[in-house]
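Below is one structure; the comments refer to it alone.
Quick caveat, the model's predicted, so the values are computed rather than measured.
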Amino acid sequence: MGNTVTCCVSPDASPKLGRARGGGCGGAAAGPERWADAYQAAASGGGSGSAEADSGDSEPGGGGPHLQHISDREFPDDLALESNPSDHPRASTIFLSKSQTDVREKRKSNHINHVSPGQLTKKYSSCSTIFIDDSTVSQPNLRSTIKCVTLAIFYHIKNRDSDRSLDIFDEKSHPLTREEVPDDYYKHDPDHKHIYRFVRTLFSAAQLTAECAIVTLVYLERLLTYAEIDICPSNWKRIVLGAILLASKVWDDQAVWNVDYCQILKDITVEDMNEMERHFLELLQFNINVPASVYAKYYFDLRSLADDNNLSFLLEPLSKERAQKLEAISRLCEDKYKDLSKAAMRRSFSADNLVGIRRSNAILS
């Protein structure tokens, strides 16, 4: 786009990692949308603090750099709806489609060998017992969500189309540790456990939330689509790190600073983190907006991925105390929507003789 956003941080100062978190389903959209405007303002020269804009493409009149707002941007024809699942709620996620090949082969093998596709220990609800998990779209379970996200990354690497990459993400050119990178580092695909340990370490040390993991996956697929590259053994760590870095800043009101990641990954420098963040933003075309509909789609597709791979969420019997809590929450929501409905009905009356209108109860059959 001609402009470079510099997200610089002071290596001499760092906020405390213990901090308040944003939550709720609305936060999935509110946080990214709010920060999208902030990044746009920073890129236009109006930001301050950790975001600065270098001079780039300017208008003929000599004004500041001109950046089109995300909501007004028209995507080119080659970025159709089907190829942009991170932007459109109706487009199928890339990771789910990449996993289907393995899922079909596994089911075919189970059918031939007469093996049950599900785990023998899988729990099912009955008339007397109801099993539920503690993961919802507004408050996902952290451990299960990270497992699903890393499984999605695993399928991205395993079933990639090619090995297209960029130097900024190459681990040989920009190593994360002082250990020498093997010459054949690009030949060996990481397994799911390896990816999970890497992501889990970052989330645990930086105290990130499960919602941040979902936004991380959104940014990762958006990067692969916009930049037309593949996530492969040579670049997966830096791509995942860049997505986590950006997602934590977008999602959390008090984000982890770049210098904090340097304390987690001891051998990486702040300058390297800043440069990677700048390139990541440029490749995303500064589009860090994540609508609630896209966030929800990724959450439920991750649940489908877990079911396909027998990665069950922790189920517990519905106890009397938890049932009472769920009932109380349902009543609060019901009362809230009743009040909103009544207010909407009062605003809709435009004639005096309609004030006494009566509404009949719905009949469900």
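No hydrogens or angles considered: a donor-acceptor pair under 3.5 Å links the side chains of Ser173 and Asp167. Using a 3.5 Å distance cut-off with no hydrogens or angles, the side chains of His188 and Asp184 do pair a donor with an acceptor. Between the side chains of Glu179 and Thr177, not a single donor N or O lies within less than 3.5 Å of an accepting N or O. No hydrogens or angles considered: a donor-acceptor pair under 3.5 Å links the side chains of Asn287 and Tyr226. Side-chain polar atoms of Asn235 and Glu171 form no donor-acceptor pair below 3.5 angstrom. A side-chain donor-acceptor contact under 3.5 Å links Lys249 and Asn258.
Using a 4.0 Å cut-off between charged side-chain N and carboxylate O, Glu282 and Arg278 make no salt bridge. Of the charged side-chain nitrogens involved, at least one lies within less than 4.0 Å of a carboxylate oxygen, so that Asp163 and Arg160 count as a salt-bridged pair. A salt bridge links Arg238 with Asp272; the closest basic N to acidic carboxylate O contact falls under 4.0 Å.
Lys193 has its side chain out of reach of Tyr196: every pair of non-hydrogen atoms, C-beta onward, lies at least 4.5 Å apart. Looking at heavy atoms from C-beta onward, Leu151 lies out of side-chain contact with Ile195 at the 4.5 angstrom threshold. Using a 4.5 Å heavy-atom threshold, the side chains of Pro233 and Tyr185 count as separate. Inter-residue side-chain proximity for Leu311 and Cys148 is flagged as met; some heavy-atom pair is nearer than 4.5 Å. Side chains of Val149 and Ile146 form no contact here, defined as non-hydrogen atoms less than 4.5 Å apart. Considering only heavy atoms from C-beta on, Ile153 stays 4.5 Å or farther from Glu221 through its side chain. A heavy-atom distance below 4.5 Å is not found between the side chains of Val199 and Thr216. For the pair Ile244/Val256, no side-chain contact is recorded, criterion being any heavy-atom separation below 4.5 Å from C-beta on.
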Any chance you could lay out the side-chain contact (heavy atoms from CB on, under 4.5 Å) test for Ile94 and Thr225, step after step, and finish with the verdict?
-> CA-CA 10 Å; Ile94 302 176; Thr225 303; 3.6 Å; yes
Does the pair Trp236 and His194 meet the rule for a side-chain contact (heavy atoms from CB on, under 4.5 Å), with working shown?
-> CA-CA 11 Å; Trp236 73 269; His194 187 190; 4.1 Å; yes
Val290 and Tyr219: CA distance, side-chain angles, deciding distance, side-chain contact (heavy atoms from CB on, under 4.5 Å) verdict = CA-CA 9 Å; Val290 180; Tyr219 288 157; 3.8 Å; yes
Going through the checks in order, is the salt bridge (Lys or Arg N to Asp or Glu O under 4.0 Å) test met by Asp183 and Lys172?
-> CA-CA 9 Å; Asp183 294 334; Lys172 186 75 171 181; 3.4 Å; yes
Pair Leu224-Ile231, side-chain contact (heavy atoms from CB on, under 4.5 Å): steps then yes or no | CA-CA 7 Å; Leu224 301 182; Ile231 184 169; 4.0 Å; yes
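In terms of modelled atom types and a separation under 3.5 Å, the side chain of Ser204 and the main chain of Arg200 share no donor-acceptor contact. The backbone N or O of Leu96 lies less than 3.5 Å from a partner atom in the side chain of Gln100, making a donor-acceptor pair. Looking at Tyr295, its side chain does come within 3.5 Å of a backbone N or O of Val137 through a donor-acceptor pair. In this structure, Asp260 contributes its side chain and Trp257 its backbone to a donor-acceptor pair below 3.5 Å. Remark: side-chain polar atoms of Ser144 are not paired, donor with acceptor, to backbone N or O of Pro140 under 3.5 angstrom. With His279 contributing its side chain and Glu275 its backbone, the two residues share a donor-acceptor pair below 3.5 Å.
When all heavy atoms of Pro89 and Lys297 are compared, the closest pair comes out as O-CD, 3.0 Å. Among all heavy-atom pairs drawn from Val294 and Pro85, the shortest one is CG1-O, 4.0 Å. The two atoms that bring Ser248 and Tyr261 nearest to each other are OG-OH, 3.0 Å, heavy atoms only. Nearest heavy atom pair, residue Ser138 against residue Glu211, reads O-OE2, 3.2 Å. Closest non-hydrogen pair, Ile239 versus Asp230, comes out as CD1-O, 4.5 Å. In plain terms, the two heavy atoms of Tyr155 and Ser99 that are nearest each other are CD1-CB, 3.6 Å.
Going from atom CG of Leu176 over to atom CD1 of Ile264 covers 12.5 Å, rounded to the nearest 0.5 Å. For the atom pair CD1 (Ile229) and CZ (Arg164), the distance works out to 8.5 Å, reported to the nearest 0.5 Å. Between the CG atom in Asp189 and the NZ atom in Lys187 there is a gap of 13.0 Å [rounded to 0.5 Å]. If you take CD1 on Ile168 and CD on Glu277, they are separated by 11.5 Å, rounding to the nearest 0.5 Å. Atoms OH and SG, from Tyr186 and Cys232 in turn, are 11.5 Å apart once rounded to the nearest 0.5 Å. The CG atom of Leu217 sits 6.0 Å away from the CG atom of Leu302 when rounded to the nearest 0.5 Å.
By the 30° and 60° cut-offs, the orientation of the rings of Phe280 relative to Phe169 is perpendicular. Between Tyr298 and Phe95, the ring planes are tilted. Angles from 30° to 60° get that label.
Within 6.0 Å of the CZ atom in Arg143, the count of heavy atoms belonging to other residues, nucleotides or ligands does not exceed 12.
One hydrophobic cluster, built from ILVMFWY side chains closer than 4.5 Å, cannot hold both Val181 and Met276; they sit in different ones. Hydrophobic clustering places Leu166 together with Leu220 (ILVMFWY residues linked when any side-chain heavy atoms are closer than 4.5 Å, directly or through intermediates). Linking Ile, Leu, Val, Met, Phe, Trp and Tyr whenever their side-chain heavy atoms come within less than 4.5 Å puts Phe300 and Leu142 in one cluster.
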